Amino acid sequence: MRAAEIIEAIHKKAKGLGNIAIMEVCGTHTNELHRHAIPQALPDNIRLVSGPGCPVCVTAQSDIHAALSIAGMKDTVLCCYGDMLRVPCGDTSLLGMKSDGADVRSVVSALEALEIARENPLKQVVFFAVGFETTTPHTAVLIEDAARENVGNLSVLCSHKTMPAAVTALLSGKSGIDALMCPGHVACITGRKGFDFVPEKLKIPAAIAGFEACDMLFALLKICDMLEKSQLECFNAYTRAVSENGNDPALRLTYKIFEESECEWRGLGRITESGLVIRDEYSFFDARRRFEIPDFTEKNARMCICSKILRGEALPSDCPSFASVCTPETPLGACMVSSEGSCAAYYKYER
Ligand code: SF4
């Protein structure tokens, strides 16, 4: 079906549904939905709400503070994915520290940190690892390779998160969200079954979506269909990439290196079993055990409502700072930094 035909079908289905709110869990979906102007193409009674799926946005200030502390240590190289560089913490950021002389490097792959460690044997190289099920296997490969090669100057500051516990904690017992659009890249790893918790625990339907306009529209059509028929299931609308059981080697490697643990999320607080920590067998590569990191007290940026946005309780346009003092060039909060952040997507496509 072409996009226009799917949109027409959604309009027909939506007529009998009343007002519904669909949460897109993933930041990539937020960005792509707005890039394709899909919210405007939907009927007025369908509202899209952004969820907590942008990895940079949900990384707690305490973790960014830990990265800043390590970056400030002598003879240390701090490596991270590019978006993390600009997240403000107090009156600085990793980029600010880099400008002040700290050795902070942006990498596109976790394994680049291993190369940097090999090239700089007299320095401690720390990889600041963030992201969900999609990126965790890359960090697991990094640690496994470093262990195999006996690399003594590499460690990982782990801030990896998993989706089920956080989404359950966010939506359990909360009315107002009628269905979820689930991230196709996460489901490539977890399999379709990885999102069965949505109908089973949250008692709302879900559809796994890819990232092309037609992928997202098809998932929205299936959601309308399930709502119309009162069907409770997790539908795989991205079968060209997502299997029923996911990527078994990636999952096995992930849980060989990491184990589930309580985790701090920006905006959501501490959530049981929603994060990953490095197992004792690989503790040598755990930066939290290798370095002494000073305590941190959480302070949110003034006039920033990122927490509410990440909980789906407010839109970026509700924030008094949006597009005035807070812009992608001068971000006050994490949601304006990453291209996957809701505020950045609204700034780019909805103003
Ligand atoms: S617009 Fe800026 S200040 Fe407002 S919530 Fe978003 S990131 Fe925070």
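Just so you know, these numbers come straight off a predicted model, no measurement behind them. What's counted below: heavy atoms across the whole structure, side chains too, no hydrogens, waters or symmetry copies. Atoms within a ligand are numbered from 1 in the order they appear, just like the ligands themselves.
- Close approach of ligand 1 to I309 (heavy-atom distance below 4.0 Å) involves ligand atoms 5 (S).
- Close contacts of ligand 1 with C326, meaning ligand atoms under 4.0 Å from a residue heavy atom, involve 1 (S), 2 (Fe), 3 (S), 7 (S).
- Contact atoms of ligand 1 toward L332: 3 (S) (distance under 4.0 Å to a heavy atom of the residue).
- Note on W265: it does not cluster hydrophobically with Y81, by side-chain heavy-atom contacts below 4.5 Å among ILVMFWY residues.
- Under the 4.0 Å criterion applied to side-chain N and carboxylate O atoms, R289 and D280 are assigned as salt-bridge partners.
- A 6.0 Å sphere centred on CD of E212 holds no more than 12 heavy atoms belonging to other residues, nucleotides or ligands.
- Atom-to-atom distance recorded for L268:CG and K161:NZ is 9.5 Å, nearest 0.5 angstrom.
- Taking every non-hydrogen atom of M303 and a distance limit under 4.0 Å, the qualifying atoms of ligand 1 come out as 3 (S).
- Taking the six-membered ring for Trp, F132 and H160 have ring centres at least 6.0 Å apart.
- Ligand 1 lies nowhere less than 4.0 angstrom from a heavy atom belonging to P331.
- In the vicinity of G333, heavy-atom distances shorter than 4.0 Å reach the ligand 1 atoms 7 (S).
- If you number the atoms of ligand 1 from 1 as listed, the ones under 4.0 Å from a heavy atom of C304 come out as 3 (S), 5 (S), 8 (Fe).
- Residue contact annotation: C343 places an N/O/S atom under 2.8 Å from atom 6 (Fe) of ligand 1.
- Proximity of the aromatic rings of H36 and Y349 is defined here by a centroid distance below 6.0 angstrom, and this criterion is not met.
- How far OG of S69 is from CZ of F296: 9.0 Å, rounded to the nearest 0.5 Å.
- Listed by number with element, the atoms of ligand 1 under 4.0 angstrom from any heavy atom of M336 are 7 (S).
- Put simply, C319 gets within reach of atom 4 (Fe) of ligand 1, with an N, O or S atom under 2.8 Å from it.
- Short contacts between ligand 1 and S321, defined as distances under 4.0 Å to a heavy atom of the residue, involve ligand atoms 3 (S).
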Inset, instruction - Please test N153 against K123 for side chain to side chain donor-acceptor pair (under 3.5 Å), starting from the C-alpha separation and ending with a verdict. - result: CA-CA 7 Å; N153 64 328; K123 291 191 173 182; over 6 Å; no

